[in-house]
Amino acid sequence: MAMTEDTHNLRRRYERIAPLYDLLDLPFEYARYRWIRPLLFRGLSGRILDAGVGTGRNMPSYPPGSEVVGVDLSSAMLKRAERRRPLSPASVQLMEMDVTHLNFPDASFDAAVATFLFCTLPEELQVPALREIGRVVKPNGTIRLLEYTRPHGRIREFITELWKPWISWAYGASFDRRTEQHIPESGLVLTAARFVVDDLIRMIEAKPGV
Ligand SMILES: C[S@@+](CC[C@H](N)C(=O)[O-])C[C@H]1O[C@@H](n2cnc3c(N)ncnc32)[C@H](O)[C@@H]1O
């Protein structure tokens with residue numbers, strides 16, 4: 001797979017942090033993520049792509065009877081996901097793959113989801129990743145993303161600034177990605193967007209354009 005320097009760096013980062021990832025994320029998982037992950041899969045069925053599957057935290061929320069393909073850049077993250085497979089009520093296939101170069105035919109998925117993937121992707125990879133997801137999802141299929149945004153309000157803004165160096169170093173992530181704004185440019189149609197945790201985490205829904 002041909003990779004940009006950004007992609008190499010991201011992969012290196014996640015290879016390094018994989019053994020600690022679940023531990024570091026545990027407070028956020030229990031306080032926030034476990035409540036919102038099921039929202040992402042509501043009404044979805046058939047063949048579903050989980051892009052940037054990580055350690056497989058979405059697995060317990062997969063729709064029963066569906067076939068999920070989880071892809072990730074990092075083999076170390078995928079190894080952790082492998083252990084979580086028994087928690088999934090759906091069949092799961094895990095593959096090492098870059099979301100900007102998906103090795104799947106056009107329109108081969110009924111839906112695609114990504115949780116906290118786009119806040120890790122640098123600005124220049126946002127459109128290529130959205131385009132690739134749009135290419136592999138069937139017309140009228142559903143694309144849903146959960147992503148961090150920069151909160152408003154002085155206290156939250158201050159806390160965000162304190163976290164910024166750590167999340168950038170550890171996860172390559174940022175609160176300032178413009179994922180939602182990139183949707184039209186990526187050939188997708190925005191169908192819904194709303195905050196699911198205060199003004200901090202947003203669920204974005206789109207479909208491939210015609
Ligand atoms: C912040 S983690 C989120 C993991 C998981 N989705 C979750 O909700 O816990 C981001 C994941 O995206 C993966 N990733 C980053 N860039 C990627 C790319 N270009 N293609 C595929 N996966 C990527 C990382 O390896 C990491 O596992």
Side-chain angles (χ1 to χ4, degrees), residues 1-41 48-62 68-85 87-88 92-104 112-133 135-136 143-149 163 166-175 177 179 186 196-197 201-204:
M1 103 179 109
M3 275 194 200
T4 65
E5 200 184 327
D6 282 334
T7 312
H8 264 299
N9 290 339
L10 261 178
R11 182 162 48 186
R12 264 215 311 274
R13 226 178 219 121
Y14 279 93
E15 292 292 294
R16 184 177 65 204
I17 207 163
L20 294 175
Y21 185 88
D22 280 339
L23 190 64
L24 293 170
D25 242 30
L26 202 62
F28 305 102
E29 191 62 45
Y30 274 83
R32 289 180 184 150
Y33 307 158
R34 68 180 167 143
W35 307 109
I36 56 177
R37 291 185 190 279
L39 299 177
L40 210 69
F41 294 94
I48 303 171
L49 174 69
D50 188 347
V53 63
T55 61
R57 281 291 194 185
N58 287 330
M59 283 190 191
S61 306
Y62 289 165
V68 182
V69 181
V71 301
D72 203 284
L73 204 54
S74 156
S75 58
M77 293 294 274
L78 286 168
K79 266 194 204 127
R80 322 274 315 175
E82 194 60 55
R83 295 192 202 161
R84 213 162 250 135
R85 194 196 277 273
L87 300 178
S88 167
V92 180
Q93 203 183 348
L94 295 170
M95 301 173 87
E96 192 176 326
M97 210 178 285
D98 177 359
V99 70
T100 63
H101 293 90
L102 292 172
N103 193 14
F104 301 116
V113 302
T115 50
F116 314 114
L117 166 67
F118 280 86
C119 44
T120 70
L121 292 179
E123 265 322 297
E124 60 274 21
L125 296 182
Q126 298 266 320
V127 171
L130 287 168
R131 277 215 182 107
E132 263 306 77
I133 291 176
R135 180 184 67 75
V136 301
I143 298 165
R144 287 200 190 127
L145 317 174
L146 272 184
E147 296 302 332
Y148 271 96
T149 61
W163 273 101
W166 162 251
I167 68 148
S168 168
W169 179 81
Y171 306 109
S174 161
F175 294 99
R177 305 292 189 223
T179 311
S186 313
V196 288
V197 174
I201 301 180
R202 209 154 160 80
M203 183 158 86
I204 301 165

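Read the numbers this way: they start at 1 and go in the same order the structure lists the ligands and their atoms. Side chains are part of it too, since the values below use all heavy atoms of this structure and drop only hydrogens, waters and symmetry mates.
Contact annotation: for Val53 versus ligand 1, heavy atoms closer than 4.0 Å belong to the backbone alone. Heavy atoms of Tyr33 found under 4.0 angstrom from ligand 1: none, in either backbone or side chain. The backbone and the side chain of Phe116 each have at least one atom closer than 4.0 Å to an atom of ligand 1 (non-hydrogen atoms only).
Each of the following atoms of ligand 1 lies closer than 4.0 Å to a heavy atom of Gly54: 4 (C), 27 (O). Applying the 4.0 Å criterion to heavy atoms of Asp98 picks out, from ligand 1, the atoms 18 (C), 19 (N), 20 (N). Numbered from 1 in the order shown, with element, the atoms of ligand 1 that lie under 4.0 Å from a heavy atom of Gly52 read 4 (C), 5 (C), 6 (N), 11 (C), 12 (O), 22 (N). Numbered from 1 in the order shown, with element, the atoms of ligand 1 that lie under 4.0 Å from a heavy atom of Tyr21 read 1 (C), 2 (S), 3 (C), 4 (C), 9 (O). Against a heavy-atom cut-off of under 4.0 Å, Met97 is close to the following atoms of ligand 1: 20 (N), 21 (C). Which parts of ligand 1 touch Val99 is read off a 4.0 Å heavy-atom cut-off, strictly below it: atoms 18 (C), 19 (N), 20 (N), 21 (C). Close approach to Ser74 involves these atoms of ligand 1, each under 4.0 Å from a residue heavy atom: 25 (O). For ligand 1 and Leu10, the ligand atoms under 4.0 Å from any heavy atom of the residue are 16 (N).
Arg13 contributes no side-chain N or O that, together with a main-chain N or O of Asn9, makes up a donor-acceptor pair within less than 3.5 Å. Looking at Arg85, its side chain never comes within 3.5 Å of a backbone N or O of Gly56 through a donor-acceptor pair.
For Arg37, a nitrogen or oxygen atom sits less than 3.5 Å from a nitrogen or oxygen atom of ligand 1, counting backbone and side chain alike. The N/O atoms of Ala51, backbone and side chain alike, include none that comes under 3.5 Å of an N/O atom in ligand 1. For ligand 1, the polar-atom distance check against Asp72 finds a nitrogen or oxygen pair separated by under 3.5 Å.
With sequence neighbours excluded, the residues satisfying salt bridge (charged side-chain N to carboxylate O under 4.0 Å, His left out) with Asp22 are Arg57, Arg84.
Distance check, rounded to the nearest 0.5 Å: CG of Leu102 to CD of Glu132 gives 4.5 Å. Note that the OH atom of Tyr21 and the CZ atom of Arg16 stand 14.0 Å from one another [nearest 0.5 Å]. Note that OG1 of Thr179 and CG of Leu121 are 7.5 Å apart. Values are rounded to the nearest 0.5 Å. Interatomic distance, CG of Asn58 versus CG of Leu146, reported as 7.5 Å (0.5 Å rounding). Summarising the geometry, atom CG belonging to Leu117 is positioned 9.5 Å from atom CG belonging to Leu73; distances are rounded to the nearest 0.5 Å. Remark: Asp72 CG to Lys79 NZ distance equals 12.5 Å, nearest 0.5 Å.
Relative orientation of the Tyr171 and Tyr14 rings is tilted, given thresholds of 30° and 60° on the angle between their planes. Relative ring orientation between Phe116 and Tyr148 is described as tilted, the plane-to-plane angle lying within the 30° to 60° band.
Nearest protein neighbour of atom 17 (C) of ligand 1, counting heavy atoms only, is Leu73 CD2, 3.5 Å.
Looking at Thr115, Leu117, Leu125, it is Thr115 that brings a heavy atom closest to atom 8 (O) of ligand 1.
Between Arg12 and Glu15 there is no salt bridge, since no side-chain N of the basic residue sits under 4.0 Å from a carboxylate O of the acidic one.
At least one heavy atom of Thr120 sits less than 4.0 Å from an atom of ligand 1. Using 4.0 Å as the threshold, Arg11 has no heavy atom nearer than that to any atom of ligand 1. Residue contact check for ligand 1: Glu29 places no non-hydrogen atom closer than 4.0 Å to it.
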